[in-house]
Amino acid sequence: MRQIVLAGNWKMHTTLSEAVSLARAVDHCIREQSLPSHYSVLLCPPFPFLEPVRQVIQHPSLFLGAQNLYPGDAGAFTGEVSAPMLRSVGCTYVIVGHSERRKIFGETNDLINAKIASARTHQLVPILCVGETWEERAAGKTEAVIEEQLRSGLADISLHHPGELLIAYEPVWAIGTGHAATPEQAQVVHRWIRHWLAQHYGADFADGTPILYGGSVKPANAADLLAQPDIDGALVGGASLKAESFCAIIQAALPS
Ligand code: 13P
């Protein structure tokens with residue numbers, strides 16, 4: 001059965017005490033909800049709070065992820081954080097290729113590819129973010145943009161088993177805008193991504209790979225988005241910063 005993943009990307013938010021309280025509250029809320037075994041919840045705090053957040057995580061289905069990594073193991077790379085470092089503080093996932101990193105920090109598909117390779121080498125599951133801008137969508141280029149992000153992001157990465165990679169479809173125009181893609185708009189792209197995965201990695205891999213939706217997910221729209229057959233979870237920004245709204249999203253994702 002395909003894994004359902006509800007992930008909170010805290011971006012550059014929270015202080016130490018806020019991060020710890022938020023993680024505690026999410027841990028508490030999922031303990032109250034008897035999560036089915038194919039559900040995972042993932043917290044991606046800022047780097048300095050990974051270890052303190054790890055310390056308060058108790059639920060076996062609550063995992064720790066990083067928001068970024070540098071594709072080298074160690075060395076003179078001031079300010080960077082490597083996959084072995086992330087492993088050593090208990091991360092199992094890492095977000096790669098978020099549109100904010102692509103746009104604000106100029107990350108290219110080649111750099112993203114190197115990050116994915118490094119994550120895989122060190123047994124971190126990369127969450128590869130893909131998505132088009134509004135202009136690209138309006139010009140009918142959604143699939144072409146995502147195809148390029150997938151093709152070059154995953155070039156020469158060997159993938160055999162579902163669970164070795166997560167994809168997050170995050171339309172750039174829906175991130176932080178309050179205007180999520182409609183469930184139908186998202187489903188069309190998710191199905192296309194699964195088809196692409198099937199062509200390149202086989203039907204079993206595509207079938208079992210969770211494809212998350214991200215972009216203005218909130219309690220009010222989560223159930224409809226997650227009801228789509230190819231939407232296997234959510235990568236949540238703003239609404240993951242309050243335990244109440246993140247828990248409501250998790251609840252909305254549970255089978256009724
Ligand atoms: P918002 O949920 O705030 O739109 O952010 C989405 C996102 O970028 C998650 O990675």
Side-chain angles (χ1 to χ4, degrees), residues 4-14 18-19 22-23 26 40-47 49-50 53 63-69 86 91-107 112 115-116 119 124-134 136-137 142 145-146 149-150 153 165-183 185-186 189-190 193 210-226 228 231-253:
I4 304 293
V5 181
L6 288 319
N9 174 9
W10 296 358
K11 306 191 181 181
M12 197 174 74
H13 292 288
T14 71
E18 288 165 354
L22 179 53
V26 172
S40 301
V41 177
L42 171 63
L43 301 180
C44 302
F47 287 138
F49 310 142
L50 286 168
V53 163
F63 296 93
L64 190 63
Q67 298 175 18
N68 186 27
L69 83 167
L86 297 176
C91 287
T92 43
Y93 292 86
V94 60
I95 298 171
V96 179
H98 192 281
S99 67
E100 285 149 17
R101 300 238 31 113
R102 293 177 190 265
K103 182 162 172 238
I104 305 169
F105 302 100
E107 289 198 6
I112 289 160
K115 291 183 176 198
I116 291 174
L124 285 168
V125 178
I127 305 175
L128 171 58
C129 300
V130 298
E132 80 289 0
T133 62
W134 183 256
E136 288 163 343
R137 170 166 281 261
T142 299
V145 169
I146 294 174
Q149 291 168 337
L150 290 171
L165 170 79
L166 267 56
I167 305 276
Y169 170 53
E170 298 209 311
V172 179
W173 47 272
I175 295 176
T177 60
H179 301 292
T182 65
Q185 282 174 322
V189 179
H190 280 234
I193 293 172
I211 305 175
L212 318 186
Y213 169 79
S216 297
V217 176
K218 39 197 171 206
N221 61 19
D224 286 347
L225 284 161
L226 286 152
Q228 298 297 313
I231 300 185
D232 314 310
L235 182 52
V236 186
S240 72
L241 292 170
K242 293 263 180 291
E244 201 179 51
S245 48
F246 191 50
C247 286
I249 290 169
I250 296 168
Q251 215 155 12

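Read the numbers this way: they start at 1 and go in the same order the structure lists the ligands and their atoms. Here, residue 1 is the first one in the sequence, and each next residue gets the next number.
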Is Asn9 touching ligand 1 with its side chain, its backbone, both, or neither, if touching means heavy atoms under 4.0 Å apart?
side chain
Would a distance-only check, ignoring hydrogens and angles, find a side-chain to backbone donor-acceptor pair under 3.5 Å from Tyr213 to Ala181?
yes
Pick from Leu226, Val236, Leu6: which one makes a side chain to side chain contact (heavy atoms under 4.5 Å, CB included) with Val217?
Val236
Only heavy atoms of Gly215, strictly under 4.0 Å: list the atoms of ligand 1 that pass.
4 (O), 6 (C)
Does any donor atom in the side chain of His98 or Glu170 lie under 3.5 Å from an acceptor atom in the other side chain?
yes
Counting from 1, what ligand 1 atoms have a heavy atom of Glu170 closer than 4.0 Å?
6 (C), 7 (C), 8 (O), 9 (C), 10 (O)
Pull out every atom of ligand 1 sitting under 4.0 Å from any heavy atom of Gly238, numbered as shown with elements.
1 (P), 2 (O), 3 (O)
Leu235 heavy atoms within 4.0 Å reach ligand 1 at atoms 9 (C), 10 (O)
Examine Ser216 against ligand 1 and note whether any of their N/O atoms are separated by less than 3.5 Å.
yes
Within less than 4.0 angstrom of ligand 1, does Lys218 place any heavy atom?
no
Does any N/O atom on Glu100 come nearer than 3.5 Å to any N/O atom on ligand 1?
no
Within a strict 4.5 Å, meaning less than it, do heavy atoms of the Phe246 and Val41 side chains meet?
yes
Look up atom CH2 in Trp134 and atom NE2 in His179, then write down how far apart they are to the nearest 0.5 Å.
10.5 Å
Please check if atom CD in Glu244 has more than 12 non-hydrogen atoms from other residues, nucleotides or ligands closer than 6.0 Å.
no
Pairs of nitrogen or oxygen atoms closer than 3.5 Å, one from Val236 and one from ligand 1: do any exist?
no
Taking 4.0 angstrom as the limit and counting only heavy atoms of Lys11, give me the atoms of ligand 1 inside it, by number and element.
5 (O), 6 (C), 7 (C), 8 (O)
Can you tell me how far NE2 of His13 sits from CG of Leu22, rounded to the nearest 0.5 angstrom?
11.5 Å
Please determine if Gly237 has a nitrogen or oxygen closer than 3.5 Å to a nitrogen or oxygen of ligand 1.
yes
Locate the shortest heavy-atom distance separating Leu43 from Pro45; write the atom from each residue and the value.
O-CD, 3.2 Å
Show the atoms of ligand 1 that are less than 4.0 angstrom away from any heavy atom in His98.
7 (C), 8 (O), 9 (C), 10 (O)
